[in-house]
S.K.: 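Attaching a single structure in structure tokens format; questions to follow.
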Amino acid sequence: MKKTVLVSGGAGFIGSHVTVELIEAGYDVVVADNFSNCDRTCFEGVKKITGREDLPLVVMDFCDKKAVKDLFTKYHIDAVIHFAAFKAVGESVDKPLMYYQNNLVSFMNVLETAQEIGGCNVLFSSSATVYGEPDTVPVTEDTPRKPAMSPYGNTKTMCEDILRDTVKANGGKLKGILLRYFNPIGAHPSALIGELPRGVPNNLVPFITQTAVGKREVLNIFGNDYPTPDGTCQRDFIDIVDLARAHVFAVTRMIEGKMKEDCEVFNVGTGRPLSVMELVNAFEKVNGVKVNYKIAPRRAGDITAIWADPTKANTEMGWKATRTIEETLKAAWAWECHLAGE
Ligand code: UFG
């Protein structure tokens with residue numbers, strides 16, 4: 001029988017790509033979202049890509065416990081992937097309570113409900129932000145976590161602990177996987193779904209594509225005096241489709257009972273560091289477009305260099321990032337052009 005995966009925040013950037021990959025891998029998916037930080041574009045795109053016009057969508061807020069309970073009563077959920085959360089680092093500094101309230105309560109409602117129904121498989125979308133500024137790179141799952149640099153980052157660390165403690169208290173009935181994402185970029189090759197930032201983008205790649213298309217005048221490169229080969233920060237940029245596929249591997253591992261511990265953690269990255277400057281150069285080259293940029297002062301809170309050691313995900317889950325940076329940057333540009341109606 002087909003297994004059903006609930007994807008909270010399933011209409012967002014990562015959630016929509018994960019939904020596509022789950023459906024293509026043969027899962028039934030229930031998408032739940034309150035559209036607080038996205039519109040219907042990606043949900044409609046998912047239906048088009050998968051041909052699933054009947055894809056179930058529940059418009060709800062995960063902070064509403066009753067709504068979460070009703071959802072788990074209506075559908076038989078074999079696994080839940082929890083994305084529904086606020087994610088802007090800067091905003092979280094200005095509005096910490098909004099972040100703690102939303103990101104913690106929504107996740108606790110999922111866990112409480114999973115516990116009440118006698119258990120479930122829970123996948124939490126964590127972040128490399130939990131490693132802070134690491135003492136050595138690349139980082140493995142055993143690299144010590146550092147105190148979070150923002151309330152947003154803190155919600156990731158806290159949710160990791162909440163899941164671990166809940167798993168421990170449920171004697172094997174409730175299982176968890178924490179996926180720590182590095183820097184997801186790009187878009188689906190169909191150009192029907194991709195990143196849709198509201199207002200001025202915080203992240204690098206949407207800023208690059210918006211500058212290239214003429215929506216933004218100039219890209220600020222935040223600092224070229226870091227102790228890195230070219231002076232700009234280094235990151236592990238991972239293709240969004242590769243990242244989405246990691247979720248299919250993780251969900252299957254949980255559902256098929258292949259986990260080695262009741263709560264597991266995996267880095268989801270490529271293992272390949274790329275600097276901000278290298279990324280901008282690669283974007284220009286592969287797409288044959290110019291990005292107007294200038295060197296600007298450092299951005300507060302930025303980590304100098306971080307990239308993953310993805311060995312554990314490669315060997316334990318059998319997942320590996322496969323897409324080249326060229327493919328990824330082509331897809332990011334195709335998506336921006338699609339949005340511009342070209
Ligand atoms: N950058 C620029 N100009 C821009 C935007 C970004 O130079 O306009 C630089 C940043 O200074 C940084 C790099 O590009 O060096 C990547 O910045 P992003 O904002 O794209 O990504 P971050 O690495 O800062 O943050 C990402 C996620 C966070 C997550 C963090 C943890 O966006 O949600 O990784 O690793 F917490």
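Just follow the structure's listing: the first ligand is 1, and inside any ligand the first atom is 1.
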S.K.: To which residues is M98 joined in a hydrophobic cluster, defined by side-chain heavy-atom contacts under 4.5 Å among Ile, Leu, Val, Met, Phe, Trp and Tyr, whether direct or through other members?
M.R.: F86, V89, Y99, Y152

S.K.: Is NZ or CZ of R40 both nearer than 6.0 Å to the six-membered ring centre of F35 and within 45° of the ring axis?
M.R.: yes

S.K.: Do the side-chain N and O atoms of T228 and Q234 include a donor-acceptor pair separated by under 3.5 angstrom?
M.R.: no

S.K.: Return all side-chain donor-acceptor pairs below 3.5 angstrom for residues 245-254, not counting sequence neighbours, or 'none' if the list is empty.
M.R.:
| unit_1 | atom_1 | unit_2 | atom_2 | d |
| --- | --- | --- | --- | --- |
| R245 | NH1 | D242 | OD1 | 2.9 |
| H247 | ND1 | L243 | O | 2.8 |
| H247 | NE2 | Y181 | OH | 2.6 |
| T252 | OG1 | Y27 | OH | 2.7 |
| T252 | OG1 | V248 | O | 2.7 |
| R253 | NE | E264 | OE1 | 2.7 |
| R253 | NH1 | E316 | O | 2.9 |
| R253 | NH2 | E264 | OE1 | 3.4 |
| R253 | NH2 | E264 | OE2 | 3.0 |
| R253 | NH2 | E316 | OE1 | 3.0 |

S.K.: For S8 and H82, which I'm curious about, is there any donor-acceptor pair between the side chains at under 3.5 Å?
M.R.: yes

S.K.: Connecting only ILVMFWY residues whose side-chain heavy atoms lie within less than 4.5 Å of each other, what is the rest of V93's hydrophobic cluster?
M.R.: none

S.K.: Note every protein N or O atom lying under 3.5 Å from an N or O atom of ligand 1, pairing the names and giving the distance.
M.R.:
| unit_1 | atom_1 | unit_2 | atom_2 | d |
| --- | --- | --- | --- | --- |
| ligand 1 | 3 (N) | N220 | O | 2.7 |
| ligand 1 | 7 (O) | N220 | O | 3.3 |
| ligand 1 | 7 (O) | F222 | N | 2.9 |
| ligand 1 | 11 (O) | D302 | OD2 | 2.5 |
| ligand 1 | 17 (O) | R299 | NH2 | 3.4 |
| ligand 1 | 19 (O) | N202 | O | 3.4 |
| ligand 1 | 19 (O) | N203 | ND2 | 3.1 |
| ligand 1 | 19 (O) | R299 | NH2 | 2.9 |
| ligand 1 | 20 (O) | N203 | ND2 | 3.3 |
| ligand 1 | 20 (O) | L204 | N | 2.9 |
| ligand 1 | 21 (O) | N183 | ND2 | 3.1 |
| ligand 1 | 23 (O) | N183 | ND2 | 2.9 |
| ligand 1 | 23 (O) | R235 | NE | 2.6 |
| ligand 1 | 24 (O) | R299 | NH2 | 3.0 |
| ligand 1 | 32 (O) | N203 | ND2 | 2.7 |
| ligand 1 | 33 (O) | Y152 | OH | 3.3 |

